[in-house]
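Scope of the values below: all heavy atoms of this structure, side chains included, with no hydrogens, waters or symmetry mates. Here the structure is a predicted model, which is why all the values come from computation and not from measurement.
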Amino acid sequence: MTDQQQITTPQNESALPLPPIQYISLYSDENIRRGRSLPPPAIPRDGYQMFGFPMNMDDAVIRPLESQKIRRLHPCNYDHRRELKKLNHSILASFLDLLDILIKCPESPRRQEKLEDITLLFIHMHHLVNEFRPHQARETLRVMLEMQKRQRIETAERFQRHLDQALDVLQQAAQTLPDESQLELMNHLLIPQQDTLRGEEIPKDTDISGCSIKDKLMCDIIDAM
C-alpha cells in the first residue's frame, strides 16, 4: 500500500477528519518495515496536561469539585435526579434574572455576578452528568458482551443444524450401502468380468457379463411364464 492510498482510502470510509498528513505519512508500510517510523510517545508516569489543566496519574476518574477549587452547591450525599432538576430550574431562573438585568440596567455589576452564577450551575450539572460515565461504560460493556454472546450462540446453533443435516446425509448413504453378503456376491460376479476386461476374448454368443445369450433367453422365457 502506497502513501497516497493510505491518505485517500480512510477519507471514503470515515466521516471524521483525517489526522495531519505530515504525521500519518511517516507511518506507511514501507517506513514501518524499514524501521523509519517514529516510536510511540512514552507513557506519562507522574503527570500530564489535558486541555491546559494539570492532571496526575493517581487522580480519580471523576475529580471532586473541591480538588478543582470549585464551590460545591449540593451536599455530599444526594440524589442525582433530584439535584439535576434543581440545577435545571436554577439555571432557568438565573437566565430570566440575567435578561431582566440586561433590559433594565445592562451596565450593572450584577450582570457579571449572574453570569458567574450561571457558569457555576452549568459546571455542577456537567459534573453530575459525568458521575454517570462509569455506569454508562459498564452498561455499554455489558450490552456488547450480551451481543457477542447472542451472536456466538446463533453461530453455534447454525453450525449444529448443518452438522445434523450432514449426519442425516451420511446415515442415509450408509443405509443404501450393501451388506457383507451382497458385497461377497458382487465380488464373485465381478471377478470373471474383470478377467474378461483384462484381455480375454469374449465368445460371440456371450454378453459382457459372461452369461450365454441362449441361457439368458431361456431365463427370460421362464420368467415370462
(Q) Would you compute the distance between atom CG of L163 and atom CG of L167 and round it to the nearest 0.5 angstrom? (A) 4.5 Å

Q.
Test of understanding: with salt bridge (charged side-chain N to carboxylate O under 4.0 Å, His left out), list the residues that count as partners of R72, not counting sequence neighbours.
A. E66

(Q) How long is the straight-line distance from CG of N31 back to OG of S25, given to the nearest 0.5 Å? (A) 8.0 Å

Q. To the nearest 0.5 Å, how far apart are OG in S94 and CZ in F122?
A. 9.5 Å

Q. In terms of side-chain heavy atoms, does Q172 have a donor or acceptor partner in D168 at a distance below 3.5 Å?
A. no

Q: Can you run down the side chain to side chain donor-acceptor pair (under 3.5 Å) pairs that involve residues 34-43, sequence neighbours left out, and say none if there aren't any?
A: E30-R34

Q. Do Y78 and L128 have side chains that get closer than 4.5 Å, going by heavy atoms?
A. yes

(Q) Please report the interatomic distance CZ(F95) to CD1(I118), rounded to the nearest 0.5 Å. (A) 7.0 Å

Run the side-chain donor-acceptor check on residues 104-116: report pairs under 3.5 Å with partners two or more places apart or on a different chain.
residue: S108; atom: OG; partner: R110; partner atom: N; Å: 3.3
residue: R111; atom: NH1; partner: P106; partner atom: O; Å: 3.4

Check: residues 137-157 side-chain donor-acceptor pairs under 3.5 Å, at least two apart:
residue: E139; atom: OE1; partner: R142; partner atom: NE; Å: 3.4
residue: E139; atom: OE2; partner: R142; partner atom: NE; Å: 3.3
residue: E139; atom: OE2; partner: R142; partner atom: NH2; Å: 2.2
residue: T140; atom: OG1; partner: Q136; partner atom: O; Å: 2.7
residue: R142; atom: NH1; partner: E146; partner atom: OE1; Å: 3.4
residue: R142; atom: NH1; partner: E146; partner atom: OE2; Å: 2.6
residue: T155; atom: OG1; partner: Q151; partner atom: O; Å: 2.8

Q) With sequence neighbours excluded, what pairs up with E83 under the salt bridge (charged side-chain N to carboxylate O under 4.0 Å, His left out) test? A) K86

Q. Once you round to the nearest 0.5 Å, how far does CD1 of I91 lie from CG of L96?
A. 12.0 Å

Q) Going by heavy atoms in the side chains, are Y27 and L38 under 4.5 Å from each other? A) yes

(Q) Could you measure the distance from the NE2 atom of H80 to the CG atom of L87? Nearest 0.5 Å is fine. (A) 11.0 Å

Q: I would like to know whether H126 and N130 meet side-chain contact (heavy atoms from CB on, under 4.5 Å); could you show each step before the answer?
A: CA-CA 6 Å; H126 188 265; N130 279 340; 2.9 Å; yes

Q. Who passes side chain to side chain contact (heavy atoms under 4.5 Å, CB included) against L73, sequence neighbours left out?
A. R71, L120, L121, H124

